[in-house]
Every structure is written in C-alpha cells, then in structure tokens.
Amino acid sequence: MGFTSALSNAAVKAASKLMAGKAMIVVEGEESSPISVQYNPSEYTIRDSSQYTNQARRKEDEPVVSYNGSNLSTLTVKLYFNDDQFISVKNVVGSVVSLFSDAPEKSMTTTIDKLSSLTKIDGDKHKPPGCVFVWGSLMFAGYAESVGVTYTMFDKSGKPLRAVVDFNMKGFNMAASERMSPLLSPDRTKARTMTEDNSIWNIAEKEYGDVREWRRIADANNIMNPLDIPVGTVLKVPSINDRD
C-alpha cells in the first residue's frame, strides 16, 4: 500500500477544515484531534529527487545514465515550543489556570510526545501511522521519518521550558501535485511516474476526466497489460488532440 493510500479521505478533509491558519498534523485514525503546533513555522523545506544509475562504458569517459524513477518527497520543518509563558501565567493566577484545562495542550511536552509517537509502530497497523502536515496551502501527506528535539531553557528543577523540534516527513506534497496536474490542460503532452498507489485508470481520470481514456495512454507507451506496469515507470500522457 502506498503512502497516500494509507491515509483516509477523512484525514485530508479534516486537514482542510480544522483550525484554519494554524499549522497542524492530522493523524490517521485521529482526524478529529489534530496535533496543533504552538507557533506557526517561519519556514519549511520540501525536497524532491530522482534516482539514476551510472554504467561505465569501455573506452568512453562518459557513462550511460539511466533514470530509475523519483524518490519520495521530503518535508523538513522546525517547530518552536515555549512552556515559559504557561508557567508565568500559572504563577500569577494560581489555581485559576485550571479553568483552561479544556485547552488542546497543557504543556509543550504533551505535544512533543505526540509528535515523537508518530515515528513509533502502531500496534494495529504494524507500522507508524500516516499523517498530513497542514498549513495554509501546504498539505503534505506521508509518514514521520524523524523527530529531533533540542531543549534550550529549563527551570530550577531542570524541567524543560523551551524546545525546538526538527520534524521530518517522507511522502507527497498533495497540494503541489494537484497544481501540477490540472484537468484544464489536457491539450499538452505530459509525463507521469507510476507509483504504488496509482494506476493507469487513475491517471486517465485525472488528466482527461474520463477513465476510459486509459487506452490512449497504453497505446502511447506500448503497454500490453495495464495491470503489469512497474512502479517508477515514466508514462507519456499524450495530448487529447492526438487522435488517430
């Protein structure tokens, strides 16, 4: 099962509606309770890469370069947390702080623990849970690859008060993918890479708005068996104007 297929449609819908303007992580199976960050990030990095193999040739300086498909995209973002503000309020108003007990998070450690748990195996699924990082137009779906925490300030007892979390994901930038594959441009020849959670019928539906157009793609790529297309295969998606 591919990365995006592991995420329920409900997660994507929840990510687009909940807590508008606030960065959050919607976790598969817990769509109604997203993990909200304390502060929106100042920046994030999305990195795309491709795989190539080089084969040396006798008596030639330049090797044969073969394209082997695309790697999963990676998302890297720093998240900042500060318990110092919470402690200050508690010192001033004392027990009145209990009035805020219904807030999504009572301390930064609660949120950080939830983020770290995204790298742990879910007992029911036998793998870490899928998640969607959402902020503004960004909707990055996949799995948490790593969560690194640096604590930068402590109280007299040694309790952490401030932290920086390096949050890294592997998956797909879903918002970008939708912008790159508009239905309004079927008049241009394109190239699409076959993934684990995709099919020639899905590509036809996305590019032409008609699943029956899969034969056009099959013919353009000399595909005899549409059920046997290796993952990583780059398919030519011909213009809708290319009629026989």
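Every residue two or more places apart in sequence or in another chain that forms a side-chain contact (heavy atoms from CB on, under 4.5 Å) with Ser50 is listed here: Tyr52, Tyr67, Ser70. For Thr119, there are no side-chain hydrogen bond (donor to acceptor under 3.5 Å, both in side chains) partners two or more places apart in sequence or in a different chain. By the side-chain contact (heavy atoms from CB on, under 4.5 Å) test, Arg215 is found to be paired with no residue, residues two or more places apart in sequence or in another chain being considered. With sequence neighbours left out, the side-chain hydrogen bond (donor to acceptor under 3.5 Å, both in side chains) criterion links Thr76 to Asn168. In terms of the side-chain contact (heavy atoms from CB on, under 4.5 Å) criterion, residue partners of Thr109 (sequence neighbours excluded) are, by chain and number, Ser107. In this structure Phe154 satisfies the side-chain contact (heavy atoms from CB on, under 4.5 Å) test together with Tyr151, Pro160, sequence neighbours excluded. Scored by the salt bridge (charged side-chain N to carboxylate O under 4.0 Å, His left out) test, Asp166 finds Lys78 as partners (sequence neighbours excluded). Ser116 pairs by the side-chain hydrogen bond (donor to acceptor under 3.5 Å, both in side chains) definition with nothing, not counting sequence neighbours. Qualifying side-chain hydrogen bond (donor to acceptor under 3.5 Å, both in side chains) partners for Thr74, counting only residues two or more places apart in sequence or in other chains: none.
Val165 is listed as a side-chain neighbour of Val147, based on a closest heavy-atom distance under 4.5 Å. Looking at Leu118 and Pro128, their side chains never come closer than 4.5 Å, going by heavy atoms from C-beta outward. No side-chain heavy atom of Val77 sits under 4.5 Å from any side-chain heavy atom of Phe140. By the 4.5 Å heavy-atom criterion applied to side chains, Leu79 and Leu115 are counted as neighbours.
At distances below 3.5 Å, not a single donor-acceptor pair connects side-chain atoms of Lys120 with backbone N or O atoms of Lys127.
To the nearest 0.5 Å, atom CG of residue Leu235 and atom CZ of residue Arg192 are 10.5 Å apart. Within the model, atoms CZ of Arg216 and OG of Ser239 stand 7.5 Å from one another, a figure rounded to the nearest 0.5 Å. Here the CZ-CG distance, from Phe133 to Asn173, works out to 11.5 Å after rounding to the nearest 0.5 Å. Interatomic distance, NZ of Lys114 versus CD of Glu30, reported as 7.5 Å (0.5 Å rounding). Taking NZ from Lys170 and CG from Asn71, the interatomic distance works out to 7.0 Å, rounded to the nearest 0.5 Å. Separation of atoms OH (Tyr44) and CH2 (Trp135) is listed at 7.0 Å; rounding is to 0.5 Å.
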Would Met108 and Asn82 satisfy side chain to side chain contact (heavy atoms under 4.5 Å, CB included), going step by step from the backbone distance to the final call? CA-CA 7 Å; Met108 71 176 189; Asn82 184 359; over 6 Å; no

Might you work through the side chain to side chain contact (heavy atoms under 4.5 Å, CB included) test for Asp83 and Lys159, ending with a clear yes or no? CA-CA 10 Å; Asp83 248 8; Lys159 177 183 177 180; 4.3 Å; yes

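Within the structure, the ring pair (Phe, Tyr, Trp, His ring centres under 6.0 Å) test picks out the following pairs touching residues 214-234 (sequence neighbours left out): Trp201-Trp214.
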For a quick test of your reading: what N or O donor-acceptor pairs under 3.5 Å do the side chains of residues 220-227 make, sequence neighbours left out?
unit_1, atom_1, unit_2, atom_2, d
Asn221, OD1, Lys236, N, 2.8
Asn221, ND2, Ile217, O, 2.7
Asn221, ND2, Lys236, O, 2.8
Asn225, OD1, Leu227, N, 3.0

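In terms of heavy atoms, Pro41 sits closest to Ala23 at CD-CB, 3.8 Å. Across all non-hydrogen atoms, the minimal contact from Thr152 to Ala163 is OG1-N, 4.2 Å.
There is a path of hydrophobic side-chain contacts, each under 4.5 Å, that joins Val37 to Ile46.
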